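The structure displayed is predicted, hence computed values, not measured ones.
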Amino acid sequence: MIEPVTPTKARNFAIQASFAMLISVIFASMTFNIFGYTLGFIFAPLIVLFLWPKGADPIISYFGIFITGLLLDILLGDPLGGWSLIFLPFYALMVFFGAGRDTGFGETWLNFVFWMSAFTGFFALAKLIRFLDVDLMSLLKLGVMNLVLFPLIFYSKSRMRRIIVTDEGT
């Protein structure tokens, strides 16, 4: 039986996901030097968007995604609004298609692989038609690192949700 989502729970879901998005944006703005190789996780927020809780309050969700996109722009020194324009349509597609929702790890991970492939394909197509200038090898490396990071975020989301999301209070 499906448990109904109360307004309080929907608000808590959106706040929890926005907080996770904030953490992933801060993590995405860092680069790591491992054995002389620069490693970044710039697409880590896409995992959080993909795993955004079903039933989260839409107004808080869109506001949280927009603000964290602006924060990533500020942290990276990019023009304001660029990452928000990537995050918001990606999230809207995930909501529309119901991706990343209430399935086991294997199915969710394969679904994420499909969406990341489509995301990479979009940027490859944009480079082909000269809409964007994208380094495809860097994009592929970042995508692979995102796929490796996915299990960590997937398994930590349920623990975080148990701590933050309750029906009591406001």
Are Met21 and Phe87 close enough that some pair of their side-chain heavy atoms sits under 4.5 Å apart?
yes
Please give me the minimum heavy-atom distance between Met145 and Gly40, naming the atom from each residue.
CB-O, 4.3 Å
Quick one: which residue pairs count as a side-chain hydrogen bond (donor to acceptor under 3.5 Å, both in side chains) with a foot in residues 140-150, not counting sequence neighbours?
none
Is there a continuous path of hydrophobic side-chain contacts, each under 4.5 Å between heavy atoms, that joins Val144 to Phe35?
no
Establish whether Val134 and Met137 are linked, either directly or via other cluster members, by ILVMFWY side-chain heavy-atom contacts under 4.5 Å.
no
Got Ile42 and Leu76 here, is their nearest side-chain heavy-atom distance under 4.5 Å?
yes
Would you call Leu51 and Thr108 a side-chain contact if the rule is heavy atoms closer than 4.5 Å?
yes
In short, Pro151 meets Val148 closest at the heavy-atom pair CD-O, 3.2 Å
According to a 4.5 Å side-chain heavy-atom criterion applied to Ile, Leu, Val, Met, Phe, Trp and Tyr, with indirect links allowed, do Leu85 and Leu139 form part of one hydrophobic cluster?
no
Distance in Å, Ile60 CD1 paired with Ile15 CD1, rounded so as to fall on 0.5 Å steps
5.0 Å
Approximate separation, where rounding is to 0.5 Å, of Ser29 OG and Ile74 CD1
11.5 Å
CD1 of Ile59: more than 12 outside heavy atoms within 6.0 angstrom?
no
Would you name the heavy atoms of Pro45 and Val25 that are closest together and state the gap between them?
CG-CG2, 4.0 Å
Under 3.5 Å donor-acceptor, Lys127 side chain and Asp133 backbone
no
For Phe119, ring pair (Phe, Tyr, Trp, His ring centres under 6.0 Å) partners two or more places apart:
Phe43, Phe90, Phe123
Considering only heavy atoms from C-beta outward, does the side chain of Leu88 approach that of Phe66 to under 4.5 Å?
yes
Donor-acceptor pair, distance only, cut-off 3.5 Å: does the side chain of Asp73 make one with the backbone of Asp78?
no
Is the CZ atom of Phe63 crowded by more than 12 outside heavy atoms at less than 6.0 Å?
no
Non-hydrogen atoms of Ala10 and Gly55 that approach each other most closely:
CB-O, 3.1 Å
Going by heavy atoms in the side chains, are Trp52 and Ile65 under 4.5 Å from each other?
yes
So do the side chains of Phe97 and Trp115 get within less than 4.5 Å of each other, counting heavy atoms only?
yes
Distance col, row Thr68:OG1 vs Ile26:CD1, nearest 0.5 angstrom, shows 10.0 Å
Heavy-atom side-chain contact between Leu46 and Tyr91 under 4.5 Å
no
To the nearest 0.5 Å, what is the distance between CG on Leu110 and CZ on Phe105?
9.0 Å
Yes or no on side-chain contact (heavy atoms from CB on, under 4.5 Å) for Lys9 and Asn12, after CA distance, side-chain angles and deciding distance?
CA-CA 5 Å; Lys9 193 175 247 189; Asn12 288 342; 5.6 Å; no
Between Leu149 and Ala44 the two heavy atoms that sit nearest each other are CD2-CB, 3.8 Å
Any Phe112 side-chain heavy atom under 4.5 Å of Phe154 side chain
no
Is there a path from Phe50 to Phe96 through hydrophobic residues (I, L, V, M, F, W, Y) whose side chains come within less than 4.5 Å of each other?
yes
Using the rule that Ile, Leu, Val, Met, Phe, Trp and Tyr join whenever any side-chain heavy atoms are under 4.5 Å apart, tell me whether Leu49 and Tyr155 fall into a single cluster.
yes
If I compare all heavy atoms of Ala28 with all of Leu72, which pair ends up nearest, and what's the gap?
CB-CD1, 4.3 Å
Is a donor on one side and an acceptor on the other found under 3.5 Å between the side chain of Trp109 and the backbone of Leu147?
yes
Apply side-chain contact (heavy atoms from CB on, under 4.5 Å) to Ile47 and Ser24, showing your working.
CA-CA 9 Å; Ile47 299 172; Ser24 71; over 6 Å; no
For Asn33, does the CG atom have more than 12 heavy-atom neighbours from other residues, nucleotides or ligands under 6.0 Å away?
yes
